[in-house]
Structure formats: structure tokens, C-alpha cells
2 protein chains.
Amino acid sequence: MTKGRDKMIPGTLNVLILKCLSHGALHGYGVSRWIHERADDVLRVEEGVLYPALHRLERDGLIEAEWGINDTGRRAKFYSLTARGERELDAETDRWRRRSAAVSGLLDLSPGN
Amino acid sequence: MTKGRDKMIPGTLNVLILKCLSHGALHGYGVSRWIHERADDVLRVEEGVLYPALHRLERDGLIEAEWGINDTGRRAKFYSLTARGERELDAETDRWRRRSAAVSGLLDLSPGN
DNA sequence: TGCGTTACCTATGTTGTCTAGGTAATTACC
DNA sequence: GGTAATTACCTAGACAACATAGGTAACGCA
């Protein structure tokens, strides 16, 4: 139905952001590139989706932001995981594994049941 | 975050319904049970979610409905896949595999990258 | 000077899910 | 005979999230 490049699986963006930040603090633009590059172009986060998501996660206390300077001396807002964010990452990762396995299991059923 | 029983992964309900109907015509209530039982209680479709989804799929020409009688002589609306629905099932299944593999791949990355 | 990239942001529309109802017929139980 | 559970269908309203389409600004480079 959706033509062209793939976007996100709804409901997976938060956990992907948390996962990305578990490797260290990073700014929004970097998160977007991280997801896109490591997913081999299969997933892409539009900026109009990413920034609101970062703000929600910050509002919910799962990540926290701090203005800083990147490698090239440019100012950027660096996000990092809070303790709650780490716990949430673990919980949501488990949740994803359980549920995606269930979906894949159903889709793998052969026509004869 | 979400307590108790799991619900759907957003965006997967349509393809699961199509998959279910690929085993033969079935009424809405049966689709709901099929998903719930085969997913070992990991996924559950509430009726308030299922019926609107069936109506959307019918509106989009992916399934078609016909009133009939079930095993126990009770009247029920049986849904079956159209040709377009079958093609859509294949396309969406591929799409799911590609994207869920990407998500799982990211979540499986070890902390050191 | 102008383009591309990095970096951030918001607004609006649309869709989909969640919750919470409601109807009606049949079956099972007390 | 009454009532509860099950099967089977449906809608309405709220909310969250994604898609799209904008916009700002600073920097590097040709």
C-alpha cells in the first residue's frame, strides 16, 4: 500500500530512540541518522516525527536533554537515557520480542492451518 | 508501560486479518478468536477495534462480506479474501518481515555499538 | 552568492487504536 | 421460568502517533 521507502512500524519509534541513546548521549539529528544507517535504509524517521517523539520522551522522564557542542563545534541538544529510560528500554524490548514473534508466527502459518 | 495483557502492534491488524481469512471465509468473531488463540494470548483484538478494521478492509476491496449460517445454525457475516486482498496479504507480509527484521536487528545491537 | 548539510522546530491532517458502551439471539444453568 | 454466559454484531468518542509540509538558522564550500 505504501509506496517507495519504508517508514516506521508504528509503536516502535520510542524503543528505537531509547536503544540508540543507550550507546551514549546523542543529538536528535544523530539519532535519526543512526536509525536510518543501521537499518540499511529499511526504516526512516522523518524529522517531523522524531522531534515530537524526543519531546514526549523527555516530558515522560525517559530521556533528558542538555545543550552542548558536537565534534565540529556546532551547538546541538544532546539527549541521554535516564534510569527510568533504561528500565523502559529493557521492558519495551522484551515486549517487542514477544509481540513481534507472535505476529511473525501467525504470518508464517501455512495455508493448511 | 502497558499493564496486563498485550494488545496489537499498531499497523499489524490488517495483515493478520487477511492472513486469517486466507485459510477460508470466517466471521468477525471467529477472526478475533483465531488471532487470540494462535497467538497464545500474546495478542488480543478488541471487538471495537476489529469490526471497524473489517469494514475498512471491505471498503478498500481487500475482503468481501456475505451473510451466512455458521456450524451451530446461527447467522453470521462471513468475510473472504478478494484477489486484491491476496496480493495485499503477500505484499504486507513481505513488508512486515523486512521491517520487523530491521527493528529486531537494531534492538539486538550490543551496547558496544 | 548560493547551495548543501547539519540541526532544530511547529502545525495540521489523517489514521488507527483504546475504551466503553449498546443490541440481539442462543445455550446453559439454577 | 428466569438469568447468566456466550456468540455475534455494531457505533461513538477520545486520544496518541504518524505523515506531510512547512519554517529557521548556522556553517562549509565552490
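Sequence lines set the chain letters: A, B, ... in the order given, protein chains first and strands last, and positions in each chain run from 1. Because only heavy atoms are used, hydrogens play no part in the values below, and waters and symmetry mates are left out as well, while side chains stay in.
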Fill in: Under 4.0 angstrom between B:Arg56 side-chain N/O and C:dT17 OP1 or OP2
yes
Practice problem: Please state whether the phosphate of C:dG16, meaning OP1 or OP2, lies under 4.0 angstrom from any side-chain nitrogen or oxygen of B:Lys7. | Solution: no
Polar pair under 3.5 Å, donor/acceptor by atom type, side chain A:Glu46, base D:dC18: no
To the nearest angstrom, the CG-P distance between A:Leu43 and D:dC18 comes to 12 Å
(Q) Need one value for A:Gly48: base, sugar-phosphate or nothing, where a base atom within 4.0 Å counts as base even if backbone is also close, heavy atoms only. (A) base
Check: Does OP1 or OP2 of D:dC10 have a side-chain N or O of B:Tyr51 closer than 4.0 Å?
Finding: no
To the nearest angstrom, the CZ-C1' distance between A:Arg75 and D:dA26 comes to 9 Å
Open item on the list: Assess the residue pair A:Lys19 and A:Asp90 against the criterion (salt bridge (charged side-chain N to carboxylate O under 4.0 Å, His left out)); give the C-alpha distance rounded to whole Å, side-chain angles, the decisive distance to 0.1 Å, and a yes or no.
Closed with: CA-CA 9 Å; A:Lys19 179 69 183 185; A:Asp90 290 341; over 6 Å; no
Separation of D:dA25 atom C1' from A:His27 atom NE2, nearest Å, is 16 Å
- request: Using a heavy-atom cut-off of under 4.0 Å over every strand shown, decide if A:Gly11 touches base, sugar-phosphate, or nothing.
  value: sugar-phosphate
Of the listed D:dA8, C:dC8, C:dT17, the closest approach to the B:Arg33 side chain comes from D:dA8
*Does a donor on one side chain sit under 3.5 Å from an acceptor on the other, for B:His27 and B:Asn70?*
no
Between A:Leu16 and the options A:Met8, A:Arg38, A:Glu92, the side chain to side chain contact (heavy atoms under 4.5 Å, CB included) test singles out A:Met8
Side-chain atoms of A:Pro52 come closest, of C:dT10, C:dT26, C:dT17, to C:dT10
Here the distance between atom C1' of C:dT15 and atom CG of B:Leu13, to the nearest Å, is 13 Å
A:Met8 atom CE is separated from C:dT15 atom C1', nearest whole Å, by 18 Å
Taking for A:Arg59 and for A:Thr72 the nucleotide of DNA chain D with the nearest heavy atom, the one nearer the 5' end belongs to A:Arg59
Using side-chain contact (heavy atoms from CB on, under 4.5 Å), reason through B:Tyr29 and B:Glu47 one step at a time and then give a plain yes or no. CA-CA 8 Å; B:Tyr29 199 81; B:Glu47 298 191 6; 3.3 Å; yes
Verify whether one side chain among B:Ser104 and A:Trp96 offers a donor that lies under 3.5 Å from an acceptor in the other.
yes
Between CG of A:Leu50 and P of C:dC9 the distance, given in whole Å, is 10 Å
From CD1 of B:Ile69 across to P of D:dA8 the rounded distance in Å is 11 Å
Here the distance between atom P of C:dA25 and atom CG of B:Asn70, to the nearest Å, is 15 Å
So, is A:His55 near the phosphate of C:dT10, with a side-chain N or O under 4.0 Å from OP1 or OP2?
yes
